[in-house]
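Below: one structure, written as structure tokens.
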Protein chains: 2
Amino acid sequence: MNLPKSEEQLMQYLWEMEKAFMKDLIEKYPEPKPASTTIATLLKRLLDKKAIGFKKYGSVREYFPLISKEAYFSNQMNGVIKNFFNDSVSQFASFFTSKENLTDEQLKELQDIVQQQINARKK
Amino acid sequence: MNLPKSEEQLMQYLWEMEKAFMKDLIEKYPEPKPASTTIATLLKRLLDKKAIGFKKYGSVREYFPLISKEAYFSNQMNGVIKNFFNDSVSQFASFFTSKENLTDEQLKELQDIVQQQINARKK
DNA sequence: TTTATTATTCTACATTTGTAGAATAGAATT
DNA sequence: AATTCTATTCTACAAATGTAGAATAATAAA
């Protein structure tokens with residue numbers, strides 16, 4: 001699933017809120033907000049793609065994501081890693097740690113995170 | 001600079017080759033290759049966007065990237081990190097190490113990479 | 001119940017993207 | 001020189017995307 005920018009943005013809000021009525025979503029947008037019909041269109045397109053679902057409360061719909069942020073993101077990353085680092089995760093990691101402007105603290109954090117992960121696995 | 005898939009693919013080849021004549025690019029594509037005019041169109045669009053340039057050899061053009069793979073990729077990543085991890089690199093790293101299906105070896109590699117990076121910095 | 005408000009669907013339309021045929025120009029080959 | 005091949009530009013067009021007005025339905029407020 002690869003969503004266009006505008007829909008991804010909306011998903012972002014929805015992931016954040018977990019579930020929301022249209023009006024809540026509209027509120028999320030910063031000024032200048034898009035027309036409400038624009039948002040309605042996006043919701044409809046996302047429904048068609050089965051990226052979101054809704055539960056009816058009377059006649060009002062409460063929307064919620066059908067694909068998790070994790071799954072979606074993971075998918076995006078795989079694409080990036082495949083395309084830019086011919087599928088080598090470590091090549092990616094290497095690039096990431098050196099080129100991405102990580103501060104020393106962040107690098108240290110990363111070290112901890114990796115260590116934790118390693119510990120968590122050897123059980 | 002955010003390029004559409006088809007152009008990104010072409011850039012990918014060009015980054016790999018560093019510089020290339022149109023025919024070399026065509027060769028890069030796997031079967032079924034797109035029509036040569038399709039590639040020509042993409043080259044033109046990339047020229048318009050100033051993502052690539054060319055040097056003339058007689059009447060033949062040798063194309064080359066004007067934006068580096070590093071810069072482009074870095075930009076992509078920043079977008080992803082900003083959108084998905086509200087700008088927190090470590091939050092990203094954490095997600096990456098746990099959710100991305102890293103093998104134990106890859107995780108170890110990552111550990112080394114981080115260590116190296118840390119060493120490289122404390123001069 | 002009349003009116004104003006909100007949510008949804010439909011329709012519309014300009015851009016952007018993916019793809020490629022037609023036309024043209026220069027270069028290589030016969 | 002005539003023919004063929006290659007690169008490039010132009011034009012074209014369908015599909016996807018970004019955006020929103022018009023119409024309609026359902027609800028809430030006057």
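Each chain gets a letter, A, B and so on, in the order its sequence line appears, and its residues count up from 1. The figures that follow rest on heavy atoms only: side chains count, while hydrogens, waters and symmetry mates do not.
- Between the CE atom of A/Met22 and the P atom of C/dT6 there is a distance of 11 Å, given to the nearest Å.
- The CG-C1' distance, from B/Leu10 to C/dT19, rounds to 14 Å in whole Å.
- With rounding to whole Å, A/Ile39 atom CD1 is found 19 Å from C/dC10 atom P.
- Contact annotation for B/Ser59: backbone-only contact, meaning every heavy-atom pair under 4.0 Å involves sugar-phosphate atoms and none involves a base.
- With the nearest nucleotide of DNA chain D identified for both A/Gly58 and A/Glu7, A/Glu7 has the one nearer the 5' end.
- Note: CG (A/Leu46) to C1' (C/dT8) measures 15 Å, nearest angstrom.
- Shown here is A/Lys5, whose NZ atom has no more than 12 heavy atoms of other residues, nucleotides or ligands within 6.0 Å.
- Contacts of B/Phe54 with the nucleic acid, taken as non-hydrogen atoms under 4.0 Å apart, are absent.
- One can place NZ of A/Lys44 at 11 Å from P of C/dT8, the figure rounded to the nearest angstrom.
- Side chains of B/Gln116 and B/Asp112: a donor-acceptor N/O pair is absent below 3.5 angstrom, by distance only.
- Out of D/dT19, D/dT8, C/dT9, the shortest distance to the side chain of A/Thr41 is found at D/dT19.
- If A/Arg45 and B/Leu47 are placed on DNA chain D by their nearest nucleotide, the residue sitting closer to the 5' end is B/Leu47.
- For the OP1/OP2 pair of C/dT17 and a distance below 4.0 Å, the side-chain nitrogens and oxygens of B/Lys49 include at least one atom meeting the criterion.
- Both A/Val80 and A/Met1 belong to a single network of hydrophobic side chains, linked directly or stepwise wherever heavy atoms of I, L, V, M, F, W or Y lie under 4.5 Å apart.
- The side chain of A/Pro4 approaches D/dT17 more closely than any other nucleotide in the set C/dA7, D/dT17, C/dA20.
- Taking the six-membered ring where tryptophan is involved, the planes of A/Tyr29 and A/Tyr13 are perpendicular, since the angle between them exceeds 60° and thus also 30°.
- What separates OH of B/Tyr63 from C1' of D/dT8 is a distance of 7 Å, to the nearest Å.
- Each of C/dT8, C/dA20, D/dT19 was ranked by its minimum atom distance to the side chain of B/Ala35; first place goes to C/dA20.
- Phosphate contact (OP1/OP2 of D/dT19, side-chain N/O of A/Thr38, threshold under 4.0 Å): absent.
- By the 6.0 Å contact criterion, NZ on A/Lys49 is enclosed, its count of non-hydrogen atoms from other residues, nucleotides or ligands being greater than 12.
- When the side-chain nitrogen and oxygen atoms of B/Arg61 are compared with OP1 and OP2 of D/dT8, one or more of them lie within a distance under 4.0 Å.
- Which of C/dT9, D/dT8, D/dG18 sits closest to the side chain of A/Ser6 comes down to D/dG18.
- Phosphate contact (OP1/OP2 of D/dT27, side-chain N/O of A/Tyr57, threshold under 4.0 Å): absent.
- Distance CG (A/Leu42) to C1' (D/dA16): 13 Å, rounded to an integer number of Å.
- By the 30° and 60° cut-offs, the orientation of the rings of B/Phe73 relative to A/Phe92 is perpendicular.
- Comparing atom distances between the B/Thr37 side chain and each of D/dA20, C/dT19, D/dT9 picks out D/dT9 as nearest.
- When the C1' atom of C/dT5 is taken as reference, atom CZ of A/Phe21 falls 17 Å away, rounded to whole Å.
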